[in-house]
Amino acid sequence: MNTWLPLRHFAAATAAALALIGCSGSAGSPSASGSMSAAPGTPAPTPTPTPTTSVPSSPTADSSASSQTPAAPTRTPNGPPPLGSWALQPLWPFTTLGQAEAWERSYRAGGHQPWHLDPDRTALSFTRDHLGFKEIDRVTSSKVSGRHARVGVAPTGPESSTAAVIHLVRFGTGPDAPWEVVGTDDTTFSLTTPAYGALVRSPLPTGGRITGVDESIHVQVLQPSSDRPLGTSKCCTPAGGDNQPWKVTVPFSGASDPVLTVVASTGGHVAAVERFAVTAVRTR
């Protein structure tokens, strides 16, 4: 699961603005009208007619296995184009707004890499090229709502079901703003530790909840600028049952990108990777 940052980060991160959404609204992994429900929020202490920003509480170990990337705060009118906010972290393919805008210019000049405008192709490319799950090669569902998209992906095969629902957001405010992966909407297999957007160091404790039989969990730490994982857990951690907790500690090194991808996967019944969950963490 992709969870909220601690409350002490809210004020500073809000000032950084909403880099990925580029339009008003909130997200339930974070979207104004996504297919999953928004993360729970704590109401403002004194009700007034003026809109306020709610800060949701972090899930505990007893929370439901269903999880999503956190809701994003509303973008202020005429605000600066965001570089990433406390609630939305850019995972892939771009690491900064400047990179996304450079691609926009190259696309307008010569049609360079048009797949960045297709959320389905971006989701599959993230799964296959960044996560390394080559067997995940088909889209099972796709829903675009405003500047948010949720794309279900799965391995090929009649017995294979959706492995994950990937959440993407337009990176920037222009009509040609590319799609950027920000996390996954998790259900029967979640990644709740570390918290979404948390500042981390090695070794990295990870964990969540899982429903299944004879599951085998593998965790990796990745960054866009590296071809190899920065860290990987010992293969593999046995798990299973009904909404049971799991945990793995992963050492990692060589982090240079500001945002890292943590991915937990399980499989081995009908495919090497049958389900996976992703969260974003920060190195600075």
Side-chain angles (χ1 to χ4, degrees), residues 1-2 20 27-31 33-36 65-69 90-94 103 107 111-171 177-191 208 210-220 222 224 227 229 232 235-236 239 261-280:
M1 170 180 174
N2 306 63
L20 294 172
S29 138
S31 166
S33 55
S35 58
M36 307 289 289
S66 178
S67 57
Q68 303 91 32
T69 45
L91 285 177
W92 194 88
F94 304 103
W103 171 82
Y107 172 73
H112 182 63
Q113 295 183 329
W115 61 269
H116 287 300
L117 295 176
D118 185 332
D120 293 1
R121 292 177 64 188
T122 302
L124 284 176
S125 186
F126 168 75
T127 304
R128 294 169 55 83
D129 299 335
H130 186 49
L131 302 185
F133 300 156
K134 302 299 184 183
E135 64 274 29
I136 308 289
D137 58 1
R138 66 187 178 98
V139 170
T140 57
S141 63
S142 183
K143 181 178 181 180
V144 176
S145 179
R147 302 180 74 84
H148 294 257
R150 285 172 169 81
V151 179
V153 295
T156 296
E159 297 181 3
S160 299
S161 58
T162 298
V165 176
I166 297 172
H167 182 190
L168 306 96
V169 177
R170 292 274 199 180
F171 203 165
W179 289 102
E180 177 82 5
V181 174
V182 296
T184 54
D185 289 352
D186 307 333
T187 53
T188 59
F189 180 41
S190 66
L191 178 56
I210 190 168
T211 296
V213 178
D214 294 331
E215 301 298 335
S216 184
I217 298 174
H218 186 222
V219 181
Q220 291 183 306
L222 310 166
D227 295 332
T232 184
C235 189
C236 294
T261 300
V262 182
V263 55
S265 61
T266 184
H269 302 93
V270 297
V273 176
E274 295 163 352
R275 286 180 290 172
F276 67 89
V278 164
T279 195

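FYI, side chains are in, hydrogens and waters are out, and symmetry mates aren't considered; it's all heavy atoms of this structure. The residues of the chain are indexed from 1 along the displayed sequence.
- Thr232 is listed as a side-chain neighbour of Gln220, based on a closest heavy-atom distance under 4.5 Å.
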Query - Stepwise side-chain contact (heavy atoms from CB on, under 4.5 Å) test for Arg147 and Leu168 - result: CA-CA 8 Å; Arg147 302 180 74 84; Leu168 306 96; over 6 Å; no
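- What you find for Pro155 and Ser161 is that their closest heavy atoms are CD-O, 3.8 Å.
- Taking 4.5 Å as the limit, every side-chain heavy atom of Leu222 sits out of range of all side-chain heavy atoms of Trp92.
- No side-chain heavy atom of Glu135 sits less than 4.5 Å from a side-chain heavy atom of Ser160.
- Tested against Thr188, the residues Thr211, Thr266, Ile210 include a single side-chain contact (heavy atoms from CB on, under 4.5 Å) partner, Thr211.
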Query - Pair Val144-Trp179, side-chain contact (heavy atoms from CB on, under 4.5 Å): steps then yes or no - result: CA-CA 11 Å; Val144 176; Trp179 289 102; 4.1 Å; yes
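- Rounding to the nearest 0.5 Å places SG of Cys235 at 11.0 Å from CD1 of Ile217.
- Here the closest heavy-atom approach between residue Arg170 and residue Ala177 is recorded as NH1-O, 2.6 Å.
- The aromatic rings of His116 and Phe94 lie tilted to each other, with the angle between the two planes from 30° to 60°.
- Using a 30° and 60° split on the angle between ring planes, Trp103 and Tyr107 fall in the parallel class, below 30°.
- Across all non-hydrogen atoms, the minimal contact from Glu274 to Gly268 is OE2-N, 3.6 Å.
- The backbone N or O of Val273 sits nowhere less than 3.5 Å from a side-chain atom of His218 that would complete a donor-acceptor pair.
- Here the side chains of Val153 and Phe276 are in contact, with some heavy-atom distance below 4.5 Å.
- Rounding to the nearest 0.5 Å gives a distance of 12.0 Å between CG of Asp185 and OG1 of Thr162.
- A distance of 7.0 Å separates CZ of Arg275 from CZ of Phe189, quoted to the nearest 0.5 Å.
- Counting all heavy atoms, side chain and backbone alike, Val219 lies closest to Ala264 at CG2-CB, 4.0 Å.
- Nearest heavy atom pair, residue Gly267 against residue Glu215, reads N-OE1, 4.4 Å.
- Closest heavy-atom contact between Val278 and Asp186: N-OD1, 4.5 Å.
- Distance check, rounded to the nearest 0.5 Å: CD1 of Ile166 to CG of Leu91 gives 10.5 Å.
- Remark: Arg150 CZ to Thr184 OG1 distance equals 10.5 Å, nearest 0.5 Å.
- Note: Leu124 CG to Trp115 CH2 = 11.0 Å, rounded to the nearest 0.5 Å.
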